[in-house]
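Below is one structure, written out as structure tokens, with a few remarks after it.
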Amino acid sequence: MLEFMEVSKFYKKQQVAVKNISMKIKKGEFVFLVGKSGAGKTTLIKLLLKEINPTSGKIYYDGNDITKLKNRRVPELRRRIGVVFQDFRLLPKMTVYENIAFAMEIVGSSAKNIRREVPTVLSMVGLSSKANNYPDELAGGEKQRVAIARSVINKPQIIIADEPTGNLDPETSHEIMKIFTEINKRGTTLIMATHDRAIVDQMKKRVIELKKGSIIRDSEGGYYNGL
Amino acid sequence: MLEFMEVSKFYKKQQVAVKNISMKIKKGEFVFLVGKSGAGKTTLIKLLLKEINPTSGKIYYDGNDITKLKNRRVPELRRRIGVVFQDFRLLPKMTVYENIAFAMEIVGSSAKNIRREVPTVLSMVGLSSKANNYPDELAGGEKQRVAIARSVINKPQIIIADEPTGNLDPETSHEIMKIFTEINKRGTTLIMATHDRAIVDQMKKRVIELKKGSIIRDSEGGYYNGL
Amino acid sequence: MGFKKAKYILKQAFQGIWRNRMMSVASIGSVAAVLVILGLILLIVLNISNITLITKEKFDEIYVFLEEDLEEEVISHIGKEIRSLDGVFSVAYETKEYALEKMKEEWGEDADLLEGIDNNPLPNSYIIRLKSVDNAEEVIVKVENYTGVEEVRYYKDVIEKLVSTSDFMRTAGSVIIIILLLISIFIISNTIKLTVASRKTEIELMQYVGASNGFVRGPFMIEGLVLGLIGSFIAILIVLNTYDQAAVYINDKFSVMLSVYIVKPTVIVKDIVIIFITIGVGIGSLGSLVSIKKFLSI
Amino acid sequence: MGFKKAKYILKQAFQGIWRNRMMSVASIGSVAAVLVILGLILLIVLNISNITLITKEKFDEIYVFLEEDLEEEVISHIGKEIRSLDGVFSVAYETKEYALEKMKEEWGEDADLLEGIDNNPLPNSYIIRLKSVDNAEEVIVKVENYTGVEEVRYYKDVIEKLVSTSDFMRTAGSVIIIILLLISIFIISNTIKLTVASRKTEIELMQYVGASNGFVRGPFMIEGLVLGLIGSFIAILIVLNTYDQAAVYINDKFSVMLSVYIVKPTVIVKDIVIIFITIGVGIGSLGSLVSIKKFLSI
Ligand SMILES: Nc1ncnc2c1ncn2[C@@H]1O[C@H](COP(=O)(O)OP(=O)(O)OP(=O)(O)O)[C@@H](O)[C@H]1O
Ligand SMILES: Nc1ncnc2c1ncn2[C@@H]1O[C@H](COP(=O)(O)OP(=O)(O)OP(=O)(O)O)[C@@H](O)[C@H]1O
Ligand SMILES: [Mg+2]
Ligand SMILES: [Mg+2]
């Protein structure tokens, strides 16, 4: 359902972010993106969301080249993908509840659905008591869980999680991974960029490793550090 | 040099952040703060920087109660402490170089010193090539390393690092820990809030564990998970 | 656009205003302030034009001096002729005796001079008021040719002076109002731009999560509209109230001396309301839309 | 404050302006726009006052009519007496012959009426100009009592009307200018407030890292000052240029008709520059300081 074809992205000053990436991800897969800081994981995700456009190459999503997608159709694309951003990207002027409700509002969910779903997903990530807090009033790990809750609320076809456990203790990380695994089992494709060796090694899923913008490994049931 | 005496902090709506914390940290110590997400680690750090004031209790820094510190003396306090904030807090309109230079400018360093020190510390965290990038143009781990570089640049008496490896791959984390250990050996007190079990377990330093705002463990040479 | 989306956009707009209270108050204040200036100047220009106009009208009479010893019939015939002319608004007859009386009155203390005159040297005359000064030339030429008309006098100098003054006032006034209008629009859209720019991050975040342009733009447009509306409303209240009181005060204290009354507040209410609301709402919502466009990267 | 800190603050200020270009341009634009309005209105008020003043002066003469057949000596004695009075600006002597000539001239076509008069009924007279209208009463009372003075005439009505008109103009003008000034200050400080508010996060971040209040405030104050300065500079250029051209145009086209010239541009340059710079710089820097205070949590 997702295919990168010789995708490269250079920033000004000739900075290489990703170089000549080709990969296919099938529906329902669970893929870890690993690699050192600055290897290009977030860049790949931004390309997929059309937050940036590749310098060259094509990216197919469900058969359509999203690099050719018209600007006004971009929101549609984004709404079909649930994303946990590395920097959370919560709306600072909205409460936890409103942040998640917002994600439902933009896809046109009914008020009734919103009132039912938001509390459910909040309790799933253990934040029921923080529903009325603003992002500024949350601990780092709590913000991260709000972002996770928001990414799953619309039951998207793909969930992309960029370092979703960077601010979480091992125990909470484990809880979150259980949620992701559950969702993945129901057919949702999951792409997760992470530095958490314990999680990757334990899950034994497909691992794509980047180095300086290129794929240097793509192993099914792989570990964080090659093998 | 640092003492918390029965410090509590409640946010509005009766939310307990930390409760009845008493602890002493001596000059030159290396202390890990651990605990689940929302346990109160960042709150402790904010209290120490007088970003927030405790609901009750006293905090002594070098013998002075900082809860009684006059507002206009707060900057002095902060300049004596190097901090890696959990959310980095880089100035978005300044480049990497300028962000670090700024920290030196506010303590009154000479232009000559700034020109010498900034590149040194940037190469130490492996970001020489990103000196002229703006924070928006950095990978998550790169931002974190800028924050780390900024925290050490003024050779403060205390360095407080809130989750400084949350966005770093194990290898880079290891590098950073080496830097911190080195700095600590030269007499700088180090307080680090972290979820990184591998690091805590390997360093065998003092570990203070928080749970729901209270200290539930304070063990010298401890591990992430009790023992 | 469905009802649900409309409801959402309205909700968001009002939340946006509330969440950015400080900004909202500052924008509303600036919008109101600019419109107050515009309004005050508008009223001043209006009144100056009005005063000039009234003064002009006072002088705007054509004197038709008749030959001496005309038959009553001829005199009234001339009157009828004049009355039937195009552009004539009214015609009044003035006997030579009445004219002398008036002259004596006008001269006041200098009237002694007239005492020495035995024969009233003044003629009988018709006094014509025109519908418009533009008709003067035409009427004069015709009337001059009537038999029995000795001379036609028209205070051409004064009238021309007054006409040119009033033309000047009208031109200058319009120029000033147009300049002010443009500046007001500029300031208001600048204010809205500043208000929107301060929320750049918010706008970007919304887009990252997949909010369509309409979803982002809608609330901002309504916000701008509401800010503009409130601002113009405040301006309307201030301007009309100030003018009301100023009108009473000025008419009270100065009208006798200026021998002219200022334009009645009730006359201008509708125009002020329409102008202010149009500018406030128009610039508020359009300004938002244009400003936000910059941040709509997609 | 050391030289290093001053240098740093200046550098930061200019970087701040550059980094927030869009904002800076918007603020400068608004400051300039507001001052342009203020300036234009100021000039208009100034000119209207001026015209009223000039007109008033034209009428502001006291006529002292002398008795008939006075000795030359007595006449010149009276002249000296008058000259020596407090508040008298100038005195001119006018013979009865000259007065009649003048009268004939003024009456123009009506002068026929005067033909019938054989004896010149007009008196010799002194025409007094006062330093100020306030002295009129006093001077008149004194002069009336001189032997040889038949009558003292003063166009009290006209003068009073003109004085009250000019008082009114001055009052109204001052009120309008003060209102405009306040509104300008309000808008400019609002603009600066919006500019500062949009950088709340930046200010907080600086404080978190330990920047002292001076370090945060300094650059912002200078920024506000510079924005205000540039804004007022632009406004000065626009206003003076516009006025220069308008002056030429109006004097060209209308002065003959209005029989009054508008105030020379050179006369007002200094005042405009001082007023604008004061407001721009003052509100710019103070506005920044006040606005930023809200965000200086420590
Ligand atoms: N807007 C930009 N302009 C210039 N360079 C950029 C920009 N965004 C990213 N980069 C660079 O591209 C490279 C890849 O960044 P990316 O964010 O993809 O890394 P990453 O793998 O996500 O790293 P991390 O694990 O630290 O988040 C980095 O070196 C980064 O500095
Ligand atoms: N401004 C605030 N208003 C209300 N509650 C707050 C505020 N700031 C923090 N809290 C709450 O206080 C508790 C402690 O937060 P803190 O940031 O100290 O946690 P933490 O230990 O740093 O967690 P993490 O590991 O996730 O960063 C959390 O439950 C948080 O929601
Ligand atoms: Mg990344
Ligand atoms: Mg924390």
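Labels below follow one simple rule: chain letters A, B, ... track the order of the sequence lines, proteins then strands, and each chain is numbered from 1. If you're wondering where the values come from, they're calculated on a predicted model, not measured in any experiment. The figures here come from the full heavy-atom set of this structure, side chains too, leaving out hydrogens, waters and symmetry mates.
With a 4.5 angstrom heavy-atom cutoff, B:Leu91 touches chain D via backbone and side-chain atoms both. The contact between B:Glu105 and chain D is made by backbone and side chain atoms together, counting heavy-atom distances below 4.5 Å. Within the 4.5 angstrom heavy-atom criterion, no atom of B:Ile81 approaches chain D.
Chain D forms more heavy-atom pairs under 4.5 Å with one residue of B:Leu90, B:Ile106, B:Val107 than with any other, namely B:Ile106. Options B:Arg79, B:Arg73, B:Arg80 differ in how many heavy-atom pairs under 4.5 Å they form with chain D, and the most are formed by B:Arg79.
The CD atom of D:Gln12 lies 6.0 Å from the CZ atom of B:Phe102; values are rounded to the nearest 0.5 Å. Atom-to-atom distance recorded for B:Arg72:CZ and D:Asn213:CG is 10.0 Å, nearest 0.5 angstrom.
The shortest side-chain heavy-atom distance between B:Met94 and D:Arg19 falls under the 4.5 Å cut-off. D:Gln207 has its side chain within reach of B:Arg78: a pair of non-hydrogen atoms, C-beta onward, lies under 4.5 Å apart.
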Fill in: Verdict with supporting geometry, B:Arg89 and D:Val209, side chain to side chain contact (heavy atoms under 4.5 Å, CB included)
CA-CA 8 Å; B:Arg89 302 197 180 168; D:Val209 197; 5.8 Å; no

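Between D:Tyr208 and B:Phe85, the two ring planes are tilted [angle within 30° to 60°].
Residues B:Pro75 and D:Gly210 come closest through the heavy atom pair CB-O, 3.5 Å.
Around the NZ atom of B:Lys19, the shell of radius 6.0 Å holds no more than 12 heavy atoms that belong to other residues, nucleotides or ligands.
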